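Written below as structure tokens is the structure these notes are about.
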Amino acid sequence: MRFLDIDLRDLLFMFFGGLAIFLFGIKYMGDGLQKTAGDRLRDVLDKFTSNPVMGVLAGIIVTVLLQTSTGTTVLAIGLVNAGFMTLRQSIGVIMGANIGTTITAFIIGLKISDYALPIIAVGTFLIFFIKNKKANNIGQVFFGFGALFYGLNLMGNGLRPLRDLEVFAELTVSMSENPLLGVLIGTIFTVAVQSSSASIGLLQQLFAQGAMTLDAALPVLFGDNIGTTITAVLAALGASIAAKRAALTHVLFNLIGTILVLIIIKPYIAFIAFIQDTWHLNPEMTIAVAHGIFNVSNVMIQLPFVGLLAIIVTKVIPGKETVIEYKAQHLDPVLVQQSSSIALGQAKKETLRMAELAAQGLVEASQFVVTKQKRHAELTYQFEDAVNNLDRKITDYLVKISANSLSAQDSATHSMLMDTVRDIERVGDHMENVIELAEYQVTNKVKVSGLAMEDLNEMFRLTIETFKQAISALEKNDIAEARAVILKEEKIDKMERQLRKKHIIRLNEGKCEASAGIIFVDMISNLERIGDHALNIAEAVIGEE
């Protein structure tokens, strides 16, 4: 199929195939970098965001490792929800992410695409022939890096004929004369491919081939920056208020930057052309430098107004946010050396807080099973994450206490707390399992019968009540409450057996689908296990007395 002497089939095949390989390369390289860096990315954001300037630096580092500014924004949103980071600190991270994402454009500007296939070969060798996890992760980075350039080559070769197309030449002239048109095209394309790196890479190829002039390319570049915010907006739809505010901050930041640069578009184009001539930059590097200068300048201009941005987004999106405090509040390391008994008391307070977070997560999980509202699932995952974090912190604290000489009473308390922390952590795992089952139900459109949902709600109610009573017994050292928990746990066990039988009857009568039955049985099994952990806590209270 030919269109004005252009083989349209070849153009489309090479463009979309190259785009697919490029996107895969970016994702694969980012995943490899993340694995190589370990799970410390979140710690970087947590520790180095004490002020917006440090937040910018943290955002740059994490974005370079993730190879996606959206991924960094999502991480920042999670930390705001967790109480690890304020909205103001997250704005600094988002600004840093915008600078970090320019690195891909600079990599493309290095013009090492001729070596794409050998780089892919090195990556393949490390992945398939070296039996070492670290080497495999490095191989993934190499493979993704090579695929990025190979995909870019294919895209460029596919689009080369466009420069001879009169319609495209006229469009380029229109973008030169009307920068807003270029911004719009850049925004739309980035929204379509969900990657600013891909759209900027494409722009670099078109500019390198002479298909676009600099004054047409730069407005498209600014549009790409606006388009990349849409991914964060989509991710924040139906999410928490903090997520929506962070996403709006991202949009406002890039929108304000684009408006400012459009005001001085002619001098800016002349400045970039001067740099290109002075430094003898290749076309790809010229776009990368223009992108880098734009984002760095935008951050420098807007960084002093972080507080104002936070006020604006809070006014636009009002409401009180649910903040889950991940950080330990009672574990003072000084007390470990001063008094083991007091330190154990503090560890118990933190354990009770951990248990309370697990109980709140369990309530959110029950709400998600009933309503299927995404918000409840997100909160459950956040509560589970908080429980896991406190599990590590409390366990480490208890290990430090155990290095001291403990009395028989303190030793018993220490052992009880170690066991209880483990039980609470397992409750978090089970509530996460319930959410995953409910999400599977939603994804696969599995319908659970009304009778089954009534039974499930009743078991949820009893399980939550039992777990909360176990926490209360632990807090008060109340033997009577602990014994009441044991009786309720027996009811949970009996209910689970009864519900299994009722499910089999419904299945035989054709009132319930087989797939729904599997979800139902797995859910009540997880609730029964939560009851077991509540029983363990209650027995620990009785045993301590």
Side-chain angles (χ1 to χ4, degrees), residues 11 14-15 18-19 21-23 25-26 29 63-64 67 98-120 142 144-165 168-169 171-173 175-176 179 182 185-186 189-190 193 195-225 228 261 265-297:
L11 189 153
M14 292 179 79
F15 171 68
L19 178 62
I21 293 170
F22 179 88
L23 290 172
I26 284 275
M29 182 170 71
T63 304
V64 169
Q67 283 296 298
N98 269 43
I99 294 175
T101 198
T102 64
I103 300 300
T104 308
F106 278 103
I107 290 170
I108 292 167
L110 293 174
K111 291 280 284 180
I112 54 175
S113 51
D114 290 346
Y115 304 99
L117 290 175
I119 293 169
I120 290 173
F142 271 94
F145 190 62
L148 180 158
F149 281 104
Y150 186 65
L152 203 60
N153 260 347
L154 283 178
M155 269 200 297
N157 291 336
L159 293 175
R160 188 170 284 119
L162 285 180
R163 63 184 173 184
D164 301 321
L165 198 61
F168 190 79
L171 178 64
T172 303
V173 171
M175 286 189 289
S176 303
I185 289 170
F189 186 75
T190 305
V193 299
S195 169
S196 60
S197 294
S199 50
I200 292 167
L202 171 64
L203 186 65
Q204 287 173 295
Q205 291 295 303
L206 289 170
F207 183 54
Q209 291 164 11
M212 292 181 82
T213 57
L214 188 63
D215 51 357
L218 291 189
V220 176
L221 178 67
F222 307 139
D224 292 338
N225 259 38
T228 193
V261 79
I265 186 69
K266 293 296 181 186
Y268 188 72
I269 292 168
F271 174 61
I272 297 300
F274 170 75
I275 290 176
Q276 182 183 19
D277 293 339
T278 306
W279 293 355
H280 307 292
L281 299 178
N282 63 50
E284 291 92 340
M285 191 59 82
T286 302
I287 296 294
V289 167
H291 192 213
I293 291 172
F294 167 70
N295 276 308
V296 171
S297 303

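Note that the numbering runs from 1 along the sequence shown for the chain. These numbers were taken from a predicted model, which means no experiment stands behind them.
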| task | Supply the atom-to-atom distance Ile275 CD1 to His280 NE2, rounded to the nearest 0.5 angstrom. | result | 13.5 Å
| field | Contact summary for Pro179 and Ile265, nearest pair of heavy atoms | value | CG-CG2, 4.4 Å
| task | Find the distance between CG (Leu154) and CD (Gln205) and round it off to the nearest 0.5 Å. | result | 10.0 Å
| Which residue pairs pass the salt bridge (charged side-chain N to carboxylate O under 4.0 Å, His left out) test with at least one member in residues 275-296, sequence neighbours excluded? | Lys111-Glu284
| message | To the closest 0.5 Å, what do you measure between OG1 (Thr213) and CG (Leu206)? | response | 11.5 Å
| task | Kindly compute the distance separating CG (Asn225) from CD1 (Ile200), expressed to the nearest 0.5 Å. | result | 6.0 Å
| query | Between Ile272 and Ile293, is any pair of side-chain heavy atoms under 4.5 Å apart? | reply | yes
| task | Measure the spacing between OH of Tyr150 and CZ of Phe22 and express it to the nearest 0.5 Å. | result | 15.5 Å
| query | What heavy-atom pair brings Asp224 and Gly186 nearest, and what distance separates the two atoms? | reply | OD1-O, 3.0 Å
| Considering all heavy atoms of both residues, which atom of Ile287 and which atom of Leu203 are nearest to each other, and what is their separation? | CG2-CD2, 4.3 Å
| query | Parallel, tilted or perpendicular: which describes the rings of Phe271 and Tyr268, with under 30° parallel and over 60° perpendicular? | reply | tilted
| ring pair (Phe, Tyr, Trp, His ring centres under 6.0 Å) with Phe207: which residues, sequence neighbours excluded? | none
| task | Compare every heavy atom of Thr102 with every heavy atom of Gly292, then report the nearest pair and how far apart it is. | result | CA-CG2, 4.1 Å
| message | Please give me the minimum heavy-atom distance between Pro283 and Ala208, naming the atom from each residue. | response | CB-CA, 3.5 Å
| Quick one: ring pair (Phe, Tyr, Trp, His ring centres under 6.0 Å) partners of Phe294, sequence neighbours excluded? | Phe222
| task | Run the numbers on Val289 and Thr286 for side chain to side chain contact (heavy atoms under 4.5 Å, CB included), then give the verdict. | result | CA-CA 5 Å; Val289 167; Thr286 302; 5.9 Å; no
| query | Is a side-chain donor or acceptor of Thr101 paired with a backbone partner of Asn98 at a separation under 3.5 angstrom? | reply | no
| request: Decide yes or no on side chain to side chain contact (heavy atoms under 4.5 Å, CB included) for Met212 and Val220, but give the supporting numbers first. | output: CA-CA 10 Å; Met212 292 181 82; Val220 176; 3.9 Å; yes
| message | Minimum heavy-atom separation for Ala147 and Ile120, please, with both atom names. | response | N-CG1, 3.6 Å
